[in-house]
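Side-chain atoms are counted along with the backbone in the values below, which use heavy atoms only and exclude waters and symmetry mates. Letters A, B, ... are given to chains in the order of the sequence lines, protein chains preceding strands, and every chain is numbered from 1.
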Amino acid sequence: MSYDGFGEYMAIKLDKQQKQHAEYLQSGGSLNQGTQKSRVLDGVTMWFDGLLGHGEGDSLLDMKRLCVEHGGVVIDMLTLNVTHIIATHLTDRKIELWKNRRIVDPAWIHESLKAGRLLPWQRYGLIQKSRASLFVPVLAQRASTSGTVSSASSAPRQNETNVDTGAAALDRIEQEAAQFKQSVLQSGKPHSPSKGRTSRSMEATRYGAPKLQDPNQPNRESSDFAMKNSATSAGFLTKYYESSRLSKISNWKSDLRDFVVQLQSESPKPAATKPGSLKTIMHIDMDCFFASVAIRERPELKNKPVVVCHSRGTGAEFNEAGPQDGSSNTNMSTSEIASCNYIARRHGVKNGMFLGKAQQLVSQYYQQQQQLANSEGRKVDEECHPTVSCVPYDFEKYDQVSKALYKILYEMGDALMVVSCDEAYIDVSSKVLERGVGQELILAEKIREDVFLATGCTASVGIGENMVIARVATKKAKPNGAFMISGDQVEQEFSSLSVGDLPGVGYVLKAQMDDLGIRTCKDLSLLSAAKCKEKFGDAVGLKLYQFCRGIDNRPLENKSRQTVGAEVNWGVRFQTTEEAQTFIRELSAEVCTRLDKSGVQGKHITLKLKKKLYDGEPHKFLGCGPCTDMSKSKSVEMPIANVAQMAKEALALFRDLNVAAPDVRGVGIHVSKLVNKGAASKGQTMLRFTSSDTKPASFGSVRDEEEDKSKSKSMSNLADETDFPVAKKPRVSAPSADTLFPASQIDWSILEHLPPDIQAEILALRNPSQPEPLAEKALDKVNEPEQHPRNIPNLKHELEPLNLIGRTTFSEVSALLKDWVASTHSPQLQDALQLREFLKALTLNWEGELCLNVIRQLGRAVDGSRWKRDEKEGWMKVVSVLKEDIGTYFEVTYGSRPKM
DNA sequence: ATCCTCCCCTAC
DNA sequence: TAAGGTAGGGGAGGAT
Ligand SMILES: Nc1ccn([C@H]2C[C@H](O)[C@@H](COP(=O)(O)OP(=O)(O)OP(=O)(O)O)O2)c(=O)n1
Ligand SMILES: [Mg+2]
Ligand SMILES: [Mg+2]
């Protein structure tokens with residue numbers, strides 16, 4: 001087994017494993033009876049948790065044998081040589097005992113053998129925590145005091161931010177794991193075995209561990225204060241979205257994209273340079289954006305450690321000696337730091353870190369410095385502060401700065417790609433040609449100066465031939481600097497770059513690479529493209545292969561959005577199903593509002609839930625804690641057109657997911673398969689509009705990616721509503737469980753605002769004026785009392801479910817239809833009319849989906865009936881007439897006819 | 001092969 | 001006390 005190049009590392013590893021293997025064989029292992037079948041498990045030493053297999057000794061033995069046959073080592077003592085513990089469920093005690101080890105579900109072995117290669121064990125880890133601590137990177141305090149603000153210069157300088165991406169998250173997981181340890185020691189409550197479907201991940205989402213239990217205040221359930229602030233409280237959603245920074249920055253990004261796409265379509269910039277020619281790309285990013293704005297407003301804070309977060313930071317004292325190991329202080333704030341200035345970063349503070357942790361770091365650092373100063377008989381540096389300054393958010397200001405930034409960048413670039421409210425790529429190729437090659441840094445300085453003059457905040461600029469180079473250059477430029485990596489410098493600049501600094505490499509990928517001994521881009525570049533793809537998947541593998549070499553062919557483009565959603569994973573604490581349902585209705589309304597704002601509707605809805613993995617409150621105040629993520633989605637034929645419908649679908653999905661309300665820690669609703677609202681009647685699929693600079697006349701040209709697959713055709717602007725060429729029939733799910741037809745929920749208050757003729761039409765549809773004798777005789781055996789109210793609709797809710805001669809569920813109606821078809825080959829007009837009334841009512845109650853399913857069911861009944869082909873004709877006629885007639889009602893309800 | 005569903009990962 | 005969102009890329013595995 002040769003690993004293209006990093007031979008030495010693997011050689012050592014293999015040698016070690018072979019020794020172990022030999023030891024095992026010498027120890028008389030009886031497992032090695034079979035023949036060697038593969039080397040998939042080479043390098044893996046396993047120990048099987050005794051409880052595995054629930055006493056099915058034979059299958060356990062088989063399993064072990066299998067492992068050995070495939071190159072693995074199985075030992076029966078949990079020694080330090082064991083690389084993987086195989087288990088299906090864990091007790092608290094074991095989690096505590098093995099918190100630094102890899103604990104993997106047997107599925108990992110099965111799947112690896114099936115795949116013919118060793119899959120990343122992380123995806124089969126029993127709990128995320130256990131993997132977190134395995135990769136603890138060097139989180140050493142950076143003693144470096146190099147805070148020099150760089151001026152524009154391409155000269156190599158000290159790397160200010162030699163920090164692993166996502167380290168804040170790691171800090172957090174570490175910290176919460178430590179707290180979890182305490183919690184286990186105190187509660188001793190065993191975990192229930194995980195027995196989720198194998199297709200569902202059993203591992204925790206990345207939100208830490210349960211809270212340290214305060215003996216005075218058991219955390220079985222939330223405090224009164226917490227409940228008062230939970231998602232069930234009045235006005236929660238509004239307040240939440242007003243305060244959520246992550247929601248804000250995400251939505252700003254969407255807005256900026258829309259805005260830029262719009263601008264480009266209104267006044268396209270001509271292609272600045274020939275396609276294929278060398279480009280100059282700049283990446284511009286505000287320095288500690290939120291914190292910069294905060295300091296701009298408060299110059300006195302300039303030289304102090306500053307963080308932006310919700311908490312005022314007055315909860316705990318950190319000047320006093322106290323627990324400093326991050327493990328046991330329950331009073332530390334769990335407010336997240338959105339942004340911290342570079343002085344704070346010198347203490348190890350990072351964006352995303354809990355405030356409590358940051359306070360601890362700063363105080364700790366100060367005490368160290370104090371001791372050092374004392375021993376040297378001097379005073380502590382003035383720059384060194386014992387406490388963090390906490391500044392609240394000022395979203396309006398961020399928005400202003402963001403707009404000012406984008407104005408400058410948009411005017412400067414031939415093309416612009418939105419990355420976030422504080423960050424963008426621009427193509428400055430033509431500007432560079434104008435001003436002369438070699439002037440890039442001067443140009444960058446001009447941009448930085450413009451931005452500073454316009455906003456009072458500094459930005460940094462990275463320059464390169466493509467996006468990945470520019471992005472990496474920005475890291476080297478920060479803070480308040482510019483940095484260029486020209487083509488001939490790429491290899492040098494990238495070789496020592498930590499893989500974590502590549503865009504797209506986050507926590508998991510970094511850990512996987514770390515496992516393979518890959519830490520720098522140079523390490524990574526030693527993997528062949530094939531090896532890369534094998535290890536990380538085809539797409540990701542290729543990207544990594546290219547990025548670590550500074551290769552990046554992506555054009556600067558802003559794709560139009562394909563999904564609209566809203567989710568809340570904070571403050572979600574339901575005691576009853578009704579509370580959960582109410583919240584889902586509110587969230588549905590929120591999603592509808594957002595769809596409206598974007599002028600789209602969707603034909604696919606997804607409900608996401610977070611289900612808590614443990615009892616007790618999580619470490620983070622009102623946070624979701626460790627959860628299992630679940631989702632269920634559904635396609636519908638007609639775009640979802642209003643809140644009632646959205647809520648209905650979402651609630652149905654909620655029911656399907658079958659999670660007890662008190663277990664829900666997060667809820668999200670997402671809508672995709674978007675269509676432009678005005679065009680819904682044409683069933684026009686929304687084009688994947690892309691503003692890009694890849695083609696001639698491209699800045700502002702709009703590309704339909706779907707169409708690109710066959711033939712390329714460019715359109716002049718967004719307003720050009722071309723029918724989507726192939727109207728693919730969507731796969732639509734049939735009713736899953738047995739669907740109960742709803743009570744009529746026509747909103748009569750809306751009715752009165754409609755023009756009189758339409759009112760009349762709807763009322764007529766709801767209350768058929770025809771006499772209602774109808775075909776009980778022909779259709780039914782049981783004589784049921786009339787259940788459906790026939791008179792003028794009550795303004796209150798009607799409680800009776802819609803029904804067809806008493807049939808209130810889909811399967812009942814199906815059965816009825818089948819009987820009906822079987823009973824005669826010449827359907828009676830009256831029967832057909834009655835069915836039509838039922839379908840009408842369904843459609844008017846936003847149950848078009850169900851209506852179509854009933855018609856289909858009739859079609860199937862006819863198909864499968866005993867009648868000969870010509871005998872079926874009468875029935876087929878009924879089906880087609882129903883389809884035709886129902887279309888009219890669809891127009892009333894949905895504004896367009898269904899596609900069939 | 002290609003699509004769909006249910007995830008996971010990443011970035012800000 | 002606190003406001004852990006959101007959109008896109010992509011992979012695994014099953015259905016078609
Ligand atoms: N975990 C995070 C990361 C970022 N942000 C917000 C606040 C940041 O100011 C802004 C921009 O993110 P950056 O990644 O650009 O970080 P900064 O601008 O704060 O610092 P840097 O100088 O590293 O760009 O997004 C946030 O709220 N939470
Ligand atoms: Mg920034
Ligand atoms: Mg940024």
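- Applying the 4.0 Å criterion to OP1 and OP2 of B:dA11, one finds that A:Ser420 has every side-chain N and O outside that range.
- In terms of position along DNA chain C, the nucleotide closest to A:Ala226 lies nearer the 5' end than the nucleotide closest to the other residue of the pair A:Ala226 and A:Val568.
- Using cut-offs of 30° and 60° for the angle between ring planes, the A:Phe236 and A:Trp570 rings count as parallel.
- Between A:Tyr241 and C:dG4 there is no side-chain polar atom (N or O) within less than 4.0 angstrom of OP1 or OP2.
- When heavy atoms are screened at a 4.0 angstrom cut-off, A:Glu423 is found touching the sugar-phosphate backbone but no base atom.
- The interatomic distance linking A:Lys608 (NZ) with B:dC9 (P) rounds to 12 Å, in whole Å.
- Nearest to the side chain of A:Asn229, among C:dA2, C:dG4, C:dG8, sits C:dA2.
- Atoms CG (A:Asp422) and C1' (B:dC12) sit 7 Å apart, rounded to a whole Å.
- In this structure, A:Ser633 does not reach the B:dC4 phosphate: none of its side-chain N or O atoms is under 4.0 Å from OP1 or OP2.
- When the nucleotides B:dC12, C:dA2, C:dG10 are ranked by their closest atom to the side chain of A:Val419, B:dC12 comes out on top.
- Side-chain nitrogen and oxygen atoms of A:Ser333 include at least one within less than 4.0 Å of the OP1 or OP2 phosphate oxygen of C:dA2.
- A salt bridge is absent between A:Lys510 and A:Asp514: the closest approach of a Lys/Arg side-chain nitrogen to an acidic carboxylate oxygen does not fall below 4.0 angstrom.
- When the side-chain nitrogen and oxygen atoms of A:Arg471 are compared with OP1 and OP2 of B:dC12, one or more of them lie within a distance under 4.0 Å.
- Note: NZ (A:Lys533) to P (C:dG11) measures 11 Å, nearest angstrom.
- The distance between atom CH2 of A:Trp252 and atom C1' of C:dA7, rounded to the nearest whole Å, is 17 Å.
- Contact check, A:Ser631 against B:dC6: no side-chain N or O comes under 4.0 Å of OP1 or OP2.
- Neither OP1 nor OP2 of C:dA2 sits under 4.0 Å from any side-chain N or O of A:Arg312.
- The C1' atoms of C:dG4 and B:dC9 are separated by 16 Å, rounded to the nearest whole Å.
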One pair to check against side chain to side chain donor-acceptor pair (under 3.5 Å): A:His670 and A:Glu567. What are the steps and the verdict?
CA-CA 8 Å; A:His670 293 263; A:Glu567 53 193 272; 2.6 Å; yes
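- Using a 4.0 Å heavy-atom cutoff across all strands shown, A:Ser243 reaches at least one base atom of the nucleic acid.
- Between C:dG9 and A:Lys559, a contact under 4.0 Å exists linking OP1 or OP2 to a side-chain N or O.
- For A:Asn251 and C:dA3, the CG to C1' distance is 14 Å, given to the nearest whole Å.
- Closest approach to the A:Asp629 side chain among C:dA2, B:dT10, B:dC8 is made by B:dC8 (side chain taken as heavy atoms from C-beta onward).
- Of the candidate nucleotides C:dG4, C:dG8, B:dC12, C:dG8 has the atom lying nearest to any side-chain atom of A:Arg257.
- Applying the 4.0 Å criterion to OP1 and OP2 of C:dG5, one finds that A:Asn569 has a side-chain N or O inside that range.
- The shortest distance between the side-chain N/O atoms of A:Tyr507 and the OP1/OP2 oxygens of B:dA11 is not below 4.0 Å.
- Aromatic ring orientation, A:Phe395 versus A:Tyr398: perpendicular (interplanar angle above 60°, classes split at 30° and 60°).
- Regarding contacts with the backbone of C:dT6, every side-chain N or O of A:Ser254 stays at 4.0 angstrom or more from both OP1 and OP2.
- Using a 4.0 Å heavy-atom cutoff across all strands shown, A:Gly504 reaches sugar-phosphate atoms only and no base atom.
- Listed pair A:Arg245 / C:dA2 fails the phosphate criterion, with no side-chain N or O lying under 4.0 Å from OP1 or OP2.
- Residue A:Lys620 places at least one side-chain N or O closer than 4.0 Å to OP1 or OP2 of C:dA3.
- For A:Val540, the listed nucleotide lying nearest its side chain is C:dG11; candidates were C:dG11, C:dA7, C:dG5.
- Annotation: cation-pi geometry not satisfied between A:Arg573 and A:Phe621 (NZ/CZ under 6.0 angstrom from ring centroid, within 45° of ring axis).
- Going from atom CZ of A:Arg554 over to atom P of C:dG8 covers 15 Å, rounded to whole Å.
- Under the 3.5 Å distance criterion, with hydrogens and angles disregarded, no donor-acceptor pair is assigned to the side chains of A:Ser292 and A:Asp287.
- A:Ile249 places its CD1 atom 12 Å from the C1' atom of C:dA7, with the value rounded to the nearest Å.
- Residue-level contact check: A:Thr606 touches neither bases nor backbone, having no heavy atom under 4.0 Å from any strand.
- Residue A:Ser244 places at least one side-chain N or O closer than 4.0 Å to OP1 or OP2 of C:dG4.
- Nucleic acid contact class of A:Arg594 (heavy atoms, under 4.0 Å, all strands): sugar-phosphate only.
- The side-chain hydrogen bond (donor to acceptor under 3.5 Å, both in side chains) test applied to A:Thr606 returns no partner, not counting sequence neighbours.
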